[in-house]
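All values below were derived from every heavy atom in this structure, side-chain atoms included, with hydrogens, water molecules and symmetry-related copies excluded. We're numbering straight along the sequence, starting at 1. Counting starts at 1 for both ligands and their atoms, following the listed order.
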Amino acid sequence: MTVSHTPFTATVLGLPRVGPNRELKRAIEAYWAGRADAGHLHTVGRALRRAQLLELRAAGLDSVPVGTFSYYDQVLDTAVLLGALPRRVAGIADPLDRYFAAARGTDTVAPLEMTKWFDTNYHYLVPEIDAETVFSLHPDKLLAELAEAIELGVAARPVVVGPLTFLKLAKAADGAALDRLPELVALYRDLLTRLADAGAQWVQFDEPVLVTDLTETEIALVRETYTELSSGERRPAILVATYFGHPDGALGALADTAIEGVAVDFTAGTQVGDLAVLPALATKLVVGGVVDGRNIWRTDLDAALGTLGTLLGSAGSVAVSSSSSLLHVPYSLDPETELDERLRSWLAFGAEKVAEVRLLATALTTGTDAVAAELAAARAAAESRRTDPRLHDERVRTRLAALDERDLNRLPADERRALQRDHLDLPVLPTTTIGSYPQTSAIRLARAALRKGEIDEAEYVRRMQAEIADVIALQEKLGLDVLVHGEPERNDMVQYFAELLDGFAATDNGWVQSYGTRCVRPPILFGDVSRPEPMTLSWIGYAQSLTTKPVKGMLTGPVTILAWSFVRDDQPLGDSARQVALAIRDETVDLEAQGTRVIQVDEPALRELLPLRAADQPAYLRWSVDSFRLATAGVADTTQVHTHLCYSEFGEVISAIAGLDADVTSIEAARSHMEVLDDLNAAGFALGVGPGVYDIHSPRVPSVEEITISLSAALKAVPAERLWVNPDCGLKTRGPVEVEASLRNLVTAAAALR
Ligand code: GLN
Ligand code: ZN
């Protein structure tokens, strides 16, 4: 039996939580640093939730998600809810400290692993499940947040990560995590009763895993799970939320159960006409995700109304919603006073999206007359966007149209290797680093001083050059072979380039949570991209003037620039990638003309943009590889192209790595003990490779012996003439003392092996 409930009409699937001005980030970090106590943190959290609830109530949402607030991550919160924290943190008595220990580790306890949430740039903590895991229900946080909302008179809808998504994302030490589903379902049934008793009319189970490829067996589990959950004695109405793609077969399975509602993402390629199961939803509430929850463009309201209207003809009832949680977009456009008015009129951040949802719901229930003025304004903005000359740069398009296959190809790799050997004159097992050196407080202070106008551009350049000179001197002293300038001038490897390229805009306050308290401010790629002037030449040129050893030119690749930006939605991603690639290509050609002999183009996000469904992956891999080749194939065959990838589990992208055709690829390997080389060999990879010989994610200094063991293992898999010696990522988060000691050991180990 469900408790009495009515269908709602306007909602969003989840909310940002760091605070409009990152108040929560500061409070959590103060707690970690011992500058504030738990009471202070809870006070800040409560105030943020209260303000947000009041705002959403005022905005007219008739169902408001609660429980999406978090001190770190919603998947970790679900692990706590289900009593599924790993044994190693169980001894920590204080619940808050136990929670943060699971999230970040302590001196003695390793944290949970962190990985990307589907194809977004948000990272969740991976639950660990093993024979010792005994699930038990701990709904205190959720019930407390529900009570807060009810007290404010808000129509609150508790949100919980669903059992299938939780288990599919978990790492099981033995057997399949899904084997534990029956235990979880029993717990979720208890939870439903508790929520009903606490006054919830609706509950939302987040099941984004339903938009990934599922087996027939898994689809059957979807049906069984929600049949079981919806047969509970006393429970709220159940909404199962799918997002980030097409729920496909899973939607049919859900339709067969007695749940009351499903949410479908109509911003990720799904057309309402594609939904063959629509007739089966005739008794259910369909929550139409027509307002994009993860990009920042104003909604095409007419198209959205078309979708909603079609739904209305089939579904039991229809609600308007964001396609996903608003976690992935900034709070509000209000602080963005520096954006030009035209661009600003094309955008919708969190608050503006809530207003769009409300407006669409009004149009749907009372007709478009009631919102005619708003519809007209949205149409005018869309028209101004469509006709803005910055979105259609004839020079860029003509250049791209003139390119062909030859512009993506260089000589065969082994011929290039011979040419580069003569050109560069490097020893076997050459040593290098990934690019960045410690971002010291001097660097951060100089950047802040420049921003505040306390120092001028010339003084800033002088200070950065001093940093570069230090880094070059250090590398000379240590005896590294291919040097880097250390990237002191880069606040961020994407933002730096976005600020220098045409077609991008930056926000002042557009913060989005990346993980824990780490927030990023993604640039907005709104127009055709080109490079008005060189971006790195003076820094690299200065560094090269200090040494006779080759200094690497350091650039960020097109896929990574797209992955960490809000991208335009009026053309295929591959088209935008080609434009960015062309701008990077211009930079490589100029670097080479200036005397740079080695150029690295980083693509740490290559895997992260991989489409969720296998059927969509080949096309993605084709355009992403091509855009990298376009970016890098403009230089002479004597110039050595490097790339860097930040992970070691390649999976589906492994063939693409060879396809990049970079002369040298540095990858993470220290934590996975060189197994990656076997994987690469198995995929036929025969280019230069620098498997990271030590893990930069920890401050520990690796010994010479340790590095020697890693390198010896690598030499079993890769011939010496293809092997490079380097750490597994950039050094910007490390301290100068440990960096010097680690690199000294690295150079010693390489020299001994030679
Ligand atoms: N060149 C960059 C650095 O060293 C690469 C960072 C990354 O892979 N994320 O910082
Ligand atoms: Zn890296």
Side-chain angles (χ1 to χ4, degrees), residues 114-116 121 123 431-440 443-444 447 464 467-468 471-472 474-475 480 482-498 514-515 518 520 522 535-536 539-540 543 551-565 584 587-588 591 596 598-609 628 631-632 641-650 653 657 660 662 664-672 676 689-698 724-736 738-739 742-743 746:
M114 197 165 67
T115 192
K116 299 252 164 163
N121 196 14
H123 306 65
T431 54
T432 191
T433 54
I434 305 304
S436 57
Y437 271 69
Q439 287 259 335
T440 59
I443 295 174
R444 279 195 294 269
R447 204 161 15 247
M464 292 301 115
E467 295 288 335
I468 291 172
V471 167
I472 294 288
L474 172 67
Q475 296 170 90
L480 285 144
V482 174
L483 311 193
V484 297
H485 78 295
E487 304 178 21
E489 79 287 8
R490 301 187 190 173
N491 39 1
D492 173 280
M493 63 187 286
V494 167
Q495 204 180 327
Y496 177 79
F497 290 99
S514 172
Y515 61 86
R518 179 161 164 79
V520 293
M535 304 180 286
T536 63
W539 303 116
I540 305 297
V551 173
K552 280 196 270 195
M554 301 297 311
L555 302 170
T556 303
V559 176
T560 300
I561 289 182
L562 292 189
W564 297 348
S565 301
I584 301 293
E587 189 75 7
T588 63
L591 277 167
T596 304
V598 183
I599 298 173
Q600 178 170 315
V601 178
D602 292 327
E603 280 292 21
L606 186 66
R607 199 186 58 174
E608 144 190 346
L609 274 196
F628 181 88
T632 53
V641 173
H642 289 218
T643 189
H644 170 67
L645 309 171
C646 261
Y647 41 83
S648 56
E649 276 145 38
F650 300 118
V653 302
I657 295 172
L660 298 177
V664 180
T665 301
S666 61
I667 46 173
E668 184 179 313
R671 282 191 290 189
S672 64
V676 290
V689 60
V693 294
Y694 78 89
D695 177 9
I696 63 93
H697 302 87
S698 117
W724 283 66
V725 183
N726 48 256
D728 69 1
C729 198
L731 303 168
K732 66 169 166 252
T733 57
R734 297 272 64 96
E738 66 205 58
V739 161
S742 302
L743 292 179
L746 177 147

Ignoring water, what protein N, O or S atoms are under 2.8 Å from the Zn ion (ligand 2)?
H644 NE2, C646 SG, C729 SG
Those residues at least two apart in sequence (or on a different chain) that pass salt bridge (charged side-chain N to carboxylate O under 4.0 Å, His left out) with K116 are E608
In chain order, what residues pass the salt bridge (charged side-chain N to carboxylate O under 4.0 Å, His left out) check against E487, with sequence neighbours excluded?
none
Derivation of the side-chain contact (heavy atoms from CB on, under 4.5 Å) call for Y437 and L743:
CA-CA 11 Å; Y437 271 69; L743 292 179; 3.3 Å; yes
Looking only at atom types and distance, does a side-chain atom of S514 sit under 3.5 Å from a main-chain N or O of V520, one as donor and one as acceptor?
no
Any donor and acceptor pair, going by atom type alone, linking the side chain of E489 with main-chain N or O of M464 inside 3.5 Å?
no
Hey, is the main chain of P604 close enough, under 3.5 Å, to the side chain of D602 for a donor-acceptor pair?
no
Report all protein residues having a heavy-atom distance below 4.0 Å to some atom of ligand 1; order the list by chain, then number.
I434, G435, S436, E487, M493, M554, D602, P604, H644, C646, C729, G730, K732
Could you check L746, D728, N726 and say which one makes a side-chain contact (heavy atoms from CB on, under 4.5 Å) with Y694?
L746
Pair V598-T432, side-chain contact (heavy atoms from CB on, under 4.5 Å): steps then yes or no:
CA-CA 11 Å; V598 183; T432 191; over 6 Å; no
Does the side chain of I584 come within less than 4.5 Å of F628's, by heavy atoms?
no
